[in-house]
Amino acid sequence: MKKTTIADVAQYANVSNSTVSQYLNKRYEYMSAETRKKIEEAIEALQYRPNLMARSLKQKSTFTIGIIVANIIHDFSTKIINALEAEFDKEGFHMIVCNSADNPKKEKKHIETLLEKQVDGLIVFPTGENKNLYIRLHQQAMPIVFIDRFIEGVDIPAVLLDNFSAMNTAVETFRKQPIAFITTSLALPITPRVERLEGFRQALRNRNLLIDERYIKNGEPAEMTEIFNQLFTLEQPPRGIIAANDRIFQELMLYIKKRNLHVPNDVQVIAVDDVPYANFLTPSITTLQQPILPMAQKAASLLLAKIKKEQLADDQKLYRFKPILIQRDSTN
């Protein structure tokens, strides 16, 4: 069976080959709605499928974006991937998603693999341990945007939560002290973990509240039971707890349930990231939501501008987005 070509589509729709080509490349500026509809109907009727390889060779683009997430099990990761896919799809790009599991070696391997596949650009949740690699890629003009994190001394734009504002809002929301802060391991200099910890300390200092290191903990999820035991056997157990991400929050709520603690009477809780089940728990849990859609739109627009070699409106490197406080029963 003869393969359908652009010429066949053009003849069926009674337009020129170049008009069909403009339609396929989403260049609609001088194309009437009627012409677009005719081409769309012709493509459907003839079951035309573009030759992506030929298109890539002609335009020197694979129309592919590489995404490297730090840990795909995080609620934020899955939501931001979904939002990014919608943004890139509008521009005719598709994505390849890789999971580094916060492992610098895996991160490096994924980058090498994606470069071999000739992706047009990268969006990365960096581990912080491949600084020289990113410096080299930047010098080679590889389009890259960081999300959720940045690396000091690397001239690559980053889109992330305003972690200092998030911690200030959390401390302000609590009605009881002492307040504990718990995050995942600080073995790697991962931006949200480091900044949220510093932001917590800063928020306490701004209110002349004591910074007691006994109430500041970090560790792997498997270590959380021991960490919570340490906190709740203190002479004065915490009356408020900030769970710095969804994995800590999950471990905390399991511990509270097993120990028959009551929220908010025994302890108030705020979680960073608005996980879907926070509203369904009894009592419902106050969260700090990251503005997923605006963050994805900014990251996508920055990367696409780099890919298209467009001049950016400013030289800004860090784009911080304010958290959204969703106040529920756990802080009443």
Side-chain angles (χ1 to χ4, degrees), residues 70-79 99 101-102 161 163 166-167 169-188 190 192-194 196-197 199-201 203-204 209-290 323-332:
N71 202 321
I72 206 162
I73 68 170
H74 282 296
D75 184 69
F76 174 71
S77 298
T78 54
K79 287 178 179 175
N99 180 38
D102 273 325
L161 183 70
N163 293 298
M167 292 303 98
T169 300
V171 172
E172 181 70 26
T173 302
F174 282 119
R175 298 181 181 180
K176 302 173 182 177
Q177 279 97 34
I179 302 167
F181 171 89
I182 309 166
T183 188
T184 30
S185 172
L186 293 169
L188 291 174
I190 292 171
R193 302 178 193 180
V194 173
R196 288 169 197 173
L197 172 55
F200 174 67
R201 288 191 172 117
L204 294 180
L209 296 173
L210 176 67
I211 299 174
D212 189 333
E213 295 298 326
R214 294 178 301 167
Y215 296 95
I216 298 173
K217 301 288 186 181
N218 76 89
E220 298 298 336
E223 301 171 317
M224 285 300 122
T225 298
E226 177 56 31
I227 285 172
F228 297 140
N229 282 334
Q230 292 170 14
L231 286 170
F232 284 99
T233 53
L234 289 170
E235 184 178 341
Q236 189 176 11
R239 300 302 308 280
I241 295 180
I242 299 172
N245 61 50
D246 55 342
R247 296 186 73 191
I248 300 298
F249 170 57
Q250 182 177 329
E251 294 298 326
L252 174 61
M253 297 314 295
L254 286 171
Y255 183 90
I256 285 172
K257 182 179 179 181
K258 287 177 182 176
R259 296 301 186 275
N260 292 317
L261 296 170
H262 186 273
V263 177
N265 294 346
D266 295 325
V267 61
Q268 297 184 321
V269 174
I270 295 178
V272 180
D273 290 331
D274 188 42
V275 293
Y277 52 85
N279 194 37
F280 302 137
L281 293 172
T282 304
S284 57
I285 306 298
T286 296
T287 59
L288 289 162
Q289 183 185 67
Q290 301 200 51
I324 303 161
L325 176 67
I326 302 178
Q327 195 148 2
R328 300 190 180 104
D329 298 335
S330 69
T331 50
N332 286 341

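Only this structure's heavy atoms are used, side chains among them; waters, hydrogens and symmetry mates stay out.
Between Leu252 and Val269 there is a side-chain heavy-atom pair separated by less than 4.5 Å. Within the 4.5 Å cutoff, side-chain heavy atoms of Asn229 are placed close to those of Glu226. Taking 4.5 Å as the limit, some side-chain heavy atom of Phe232 sits within range of a side-chain heavy atom of Leu261. Taking the side chain as every heavy atom from C-beta outward, Ile179 and Gln268 never approach each other to under 4.5 Å.
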Glu220 vs Arg247, salt bridge (Lys or Arg N to Asp or Glu O under 4.0 Å): CA-CA, chis, key distance, verdict: CA-CA 9 Å; Glu220 298 298 336; Arg247 296 186 73 191; 5.6 Å; no

Arg214 and Leu234: CA distance, side-chain angles, deciding distance, side-chain contact (heavy atoms from CB on, under 4.5 Å) verdict: CA-CA 9 Å; Arg214 294 178 301 167; Leu234 289 170; 4.0 Å; yes

Evaluation steps, side-chain contact (heavy atoms from CB on, under 4.5 Å), between Val275 and Ile285: CA-CA 10 Å; Val275 293; Ile285 306 298; over 6 Å; no

Chi angles and distances behind the side-chain contact (heavy atoms from CB on, under 4.5 Å) call for Met253, Ile256: CA-CA 5 Å; Met253 297 314 295; Ile256 285 172; 4.2 Å; yes

Steps toward side-chain contact (heavy atoms from CB on, under 4.5 Å) verdict (Glu223, Glu251): CA-CA 10 Å; Glu223 301 171 317; Glu251 294 298 326; over 6 Å; no

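Applying the side chain to side chain contact (heavy atoms under 4.5 Å, CB included) test between Ile270 and each of Leu288, Thr287, Ile326 identifies Leu288 as the sole match. Results of the side-chain hydrogen bond (donor to acceptor under 3.5 Å, both in side chains) test with Thr286 over Asn332, Asp329, Thr173, Thr331 single out Thr331 as the only residue that passes.
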Side-chain donor-acceptor distances from residues 180-188 under 3.5 Å, at least two apart:
residue : atom : partner : partner atom : Å
Thr184  : OG1  : Arg193  : NE           : 3.2
Thr184  : OG1  : Asn245  : ND2          : 2.9
Ser185  : OG   : Ala187  : N            : 3.1

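The distance from the CD1 atom of Ile242 to the CD1 atom of Ile216 is 9.5 Å, given to the nearest 0.5 Å. Here the straight-line distance linking atom CZ of Arg196 with atom CZ of Arg201 works out to 15.5 Å at 0.5 Å rounding. Here Asp266 contributes atom CG and Arg239 contributes atom CZ; the two are 7.5 Å apart, rounded to the nearest 0.5 Å. Residue Ile248 holds its CD1 atom at 6.0 Å from CZ of Phe228, rounded to the nearest 0.5 Å. For the atom pair CG of Leu204 and OH of Tyr215, the computed distance is 12.0 Å after rounding to the nearest 0.5 Å. Here the CD-CG distance, from Glu172 to Leu325, works out to 10.5 Å after rounding to the nearest 0.5 Å.
Asp246 places no side-chain N or O within donor-acceptor distance of the main-chain N or O of Asp273, the cut-off being under 3.5 Å. A donor-acceptor pair under 3.5 Å is absent between the side-chain atoms of Ser284 and the main chain of Leu281, judged by distance alone. Here the side chain of Gln236 pairs no donor or acceptor atom with the backbone of Pro178 at under 3.5 angstrom. Here the side chain of Arg259 pairs no donor or acceptor atom with the backbone of Leu254 at under 3.5 angstrom.
Every residue two or more places apart in sequence or in another chain that forms a ring-ring contact (aromatic ring centres under 6.0 Å, His included) with Phe249 is listed here: Tyr277. For Gln177, the side-chain hydrogen bond (donor to acceptor under 3.5 Å, both in side chains) criterion is met by no residue, not counting sequence neighbours.
Taking both residues in full, the closest heavy atoms of Asn71 and Ser77 are given as O-OG, 3.0 Å, listed atom of the first, atom of the second, then distance. Here the closest heavy-atom approach between residue Pro283 and residue Val263 is recorded as CG-O, 2.9 Å.
By the 4.0 Å N-to-carboxylate-O rule, Asp274 lies close enough to Arg328 to be salt-bridged with it.
Within a 6.0 Å radius of NZ in Lys176, other residues, nucleotides and ligands contribute more than 12 heavy atoms.
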